[in-house]
Amino acid sequence: MHTLGQNPSLSCRFTTRSLGLSQENRPILLHETPAFASAPGGTLLIGGMHGDERATILILLSFQDRLQRSGRVSQSAPALGILPLANPDGYLHNTRYNARGVDLNRNFETGWSAQSEEPSGATPWSEPETRALRDFILHQRPARIVTLHWALAELDADGAQSTPLAQSMWNALSEAERAPYRLRVSESEAVFPTPAYCPGSLGQWCGTGLRYPDGCAPAIVTLELPYDPILPRPAVLPSDHLARLRQAWKQDARGYLSAIEGSVHKMLWAACEE
Ligand SMILES: [Zn+2]
């Protein structure tokens with residue numbers, strides 16, 4: 001077992017390639033280790049599906065940077081792919097949606113609904129960004145996927161096969177580090193039944209819709225960053241949780257990031273070696 005940041009021989013070399021183009025022809029970039037590039041499987045980390053959720057992008061870039069900076073390249077570096085910005089047009093326009101006003105995390109096939117509260121696109125897979133991600137996942141067949149969002153302050157495992165991954169990410173944290181989050185690994189703990197909650201999301205598709213040719217399904221955890229990096233998470237979120245995070249981000253993005261970075265990196269590392 002590797003200890004993040006303490007093993008000087010553990011460093012990851014990453015190469016970068018484009019998985020496809022956004023609606024406005026921006027590349028969707030994947031950074032991958034040689035072990036990830038050379039065989040199916042591995043761990044895939046995704047940020048920036050909603051272009052205005054800046055912390056999800058920056059924290060993946062800082063995680064990658066930390067792995068790159070530590071010492072010599074290790075032969076045992078994990079099979080890891082990092083896709084920090086799944087919605088490059090949304091990032092540029094500082095919006096949740098893509099350039100056509102579609103919420104990409106409602107455009108996946110499983111549970112897709114034309115009546116979704118968020119705009120879900122004309123049909124499942126109508127958007128170039130979701131098609132690029134679908135085609136890549138079908139080709140790479142990652143064993144584990146962690147997708148970052150804000151700000152429900154929880155680890156949300158879709159599908160029974162995802163419980164061990166969520167549990168190992170949770171176990172990587174100290175009691176104090178867990179305080180701003182909750183672990184949600186079964187439907188019975190859901191605030192809303194999942195299908196109504198995030199219809200057509202990546203989590204729905206990977207967790208309950210997708211099967212690889214060998215019959216296996218990927219483990220997927222949606223890591224919802226906390227609306228407050230320090231306060232313990234209440235059982236019921238305040239209705240303005242997202243607005244609170246946006247405000248905190250506007251006032252002191254660096255402060256918010258540095259408060260959550262250590263614990264998020266621990267969870268991401270746990271996902272790499274699960
Ligand atoms: Zn989001």
Side-chain angles (χ1 to χ4, degrees), residues 22-23 28 44-63 82-108 110-113 116-121 124 127 129-130 132-134 137 145-158 162 166 169 180-182 184 190-192 194-207 220-229 233 237-250 253 256-257 260-261 264 267-268 271:
S22 68
Q23 183 64 30
I28 298 164
L44 175 64
L45 309 177
I46 301 172
M49 176 94 71
H50 293 138
D52 58 349
E53 298 180 355
R54 302 288 164 121
T56 68
I57 303 156
L58 294 176
I59 214 150
L60 287 183
L61 292 175
S62 74
F63 183 63
I82 300 180
L83 199 164
L85 182 50
N87 178 7
D89 297 345
Y91 176 77
L92 194 87
H93 301 302
N94 195 26
T95 168
R96 175 181 177 93
Y97 311 112
N98 76 350
R100 301 207 299 179
V102 173
D103 186 332
L104 298 178
N105 210 34
R106 301 291 182 274
N107 189 237
F108 291 80
T110 307
W112 182 88
S113 166
S116 163
E117 214 171 288
E118 294 288 358
S120 56
E127 304 309 300
E129 296 88 353
T130 44
L133 197 48
R134 173 196 64 189
I137 288 172
I145 300 171
V146 179
T147 177
L148 279 73
H149 285 271
W150 67 18
L152 294 174
E154 65 185 18
L155 281 74
D156 182 3
D158 272 302
S162 303
M169 291 168 68
Y181 298 93
R182 72 169 176 178
R184 193 163 78 79
V191 179
F192 313 102
T194 301
Y197 178 41
C198 269
S201 68
L202 173 69
Q204 287 264 310
W205 179 57
C206 291
I220 182 158
V221 170
T222 303
L223 172 51
E224 291 270 355
L225 299 179
Y227 68 91
D228 186 298
R233 188 197 196 282
L237 283 183
S239 58
D240 63 346
H241 63 100
L242 194 52
R244 282 204 213 182
L245 192 152
R246 289 187 196 285
Q247 191 58 28
W249 184 256
K250 217 166 132 186
Y256 175 83
L257 266 183
I260 63 164
E261 204 166 52
V264 172
M267 288 190 271
L268 298 178

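Both counts, for ligands and for their atoms, begin at 1 and track the order of listing. We use all heavy atoms of the structure for the numbers below, so side chains are in, but hydrogens, waters and symmetry mates are not.
For Ser120 (side chain) and Ser113 (main-chain N/O), a donor-acceptor pair under 3.5 Å exists by modelled atom type. Checked by atom type and distance alone, the side chain of Arg233 pairs as donor or acceptor with a backbone atom of Ala153 at under 3.5 Å. The main-chain N or O of Ile220 is found under 3.5 Å from a side-chain atom of Ser162 such that the two form a donor-acceptor pair.
Side-chain atoms of Leu268 and Leu60, non-hydrogen and from C-beta on, do get closer than 4.5 Å to each other.
Residue contacts to the Zn ion (ligand 1): Glu224 brings no N, O or S atom closer than 2.8 Å.
Nearest N/O/S atom of His149 with respect to the Zn ion (ligand 1) is recorded as ND1. Minimum-distance N/O/S atom of His50 relative to the Zn ion (ligand 1): ND1.
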